[in-house]
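Below you'll find the structure, written out as structure tokens, and then a few comments.
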Amino acid sequence: MKRWTPTVLFAALALALTSCAGAPALSQQDAEALETLAQVAGPTSNVDPAAITSTECWLPSDHLIDDESVSDTTWRVLCRAHYTDSSGERYQDATCVGDFDAQPMLDHCYRWAYYSGMPSFEDFPGVTAP
């Protein structure tokens, strides 16, 4: 058993380093957007703010809207507000449209329900919003 200890430790260290390397480096814009999304996504999609345990969202800079009718700094993301209620752990997805250059960046999101052919939260990696 002692022979395997260094191998197991090496494998665990390699896995930990690989996991950290996969996390995206956040720009200042994304960090500010995620902070705003954490405050807005759950409560404006009818989740009790006191029940929210965490919020994760797609990275806004990876989801800029390509449409000449809106600013080139406008983005659309899906967020998932995790919360606990009397039935246990749950989540509510929300679609949020914001603009890096707007003040405020965004002020509300909408409850999201998956429809056939539409993106779902799992289609892109989620980033934990602080």
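Quantities reported herein were computed from a predicted structural model and do not represent experimental measurements. In what follows, every heavy atom counts, from backbone to side chain, and hydrogens, waters and symmetry copies are set aside.
- Between Ala41 and Ala94, the closest heavy-atom pair is O-CB, 4.0 Å.
- Annotation: side chain of Ile65 is in contact with side chain of Val97 (closest heavy-atom distance under 4.5 Å).
- Classification of the Trp75-Phe100 ring pair by plane angle, with boundaries at 30° and 60°, yields tilted.
- Put simply, Val47 and Leu78 are part of two different groups of oily side chains (I, L, V, M, F, W, Y) that touch within less than 4.5 Å, one to the next.
- Rounded to the nearest 0.5 Å, atoms CG (Asp101) and CD (Gln29) are 6.5 Å apart.
- Of the candidates Leu37, Val77, Val127, Val77 is the only one forming a side-chain contact (heavy atoms from CB on, under 4.5 Å) with Trp58.
- Here Asp93 contributes atom CG and Arg80 contributes atom CZ; the two are 4.0 Å apart, rounded to the nearest 0.5 Å.
- Checked against the 2.5 Å cut-off, the SG-SG distance between Cys79 and Cys96 does not fall under it.
- Within the 4.5 Å cutoff, no side-chain heavy atoms of Asn46 are placed close to those of Gln92.
- Side chains of Leu34 and Leu59 form a contact here, defined as non-hydrogen atoms less than 4.5 Å apart.
- Considering all non-hydrogen atoms of both residues, Cys109 and Thr44 come closest at N-OG1, 2.9 Å.
- Clustering ILVMFWY residues whenever any of their side-chain heavy atoms sit less than 4.5 angstrom apart, transitively, puts Met105 in the very cluster that holds Leu64.
- Going from atom CG of Asp67 over to atom CG of Asp72 covers 11.5 Å, rounded to the nearest 0.5 Å.
- Minimum heavy-atom separation, Thr73 to Ser71: OG1-OG, 2.7 Å.
- Connection of Phe124 to Trp112 is established within a shared hydrophobic cluster, with ILVMFWY side chains joined at heavy-atom distances below 4.5 Å, either directly or through further cluster members.
- A distance-only check finds no donor-acceptor pair linking the side chain of Thr95 to the backbone of Tyr110 [under 3.5 Å].
- When the shell of 6.0 Å around CG of Asp66 is examined, it contains 12 or fewer heavy atoms from other residues, nucleotides or ligands.
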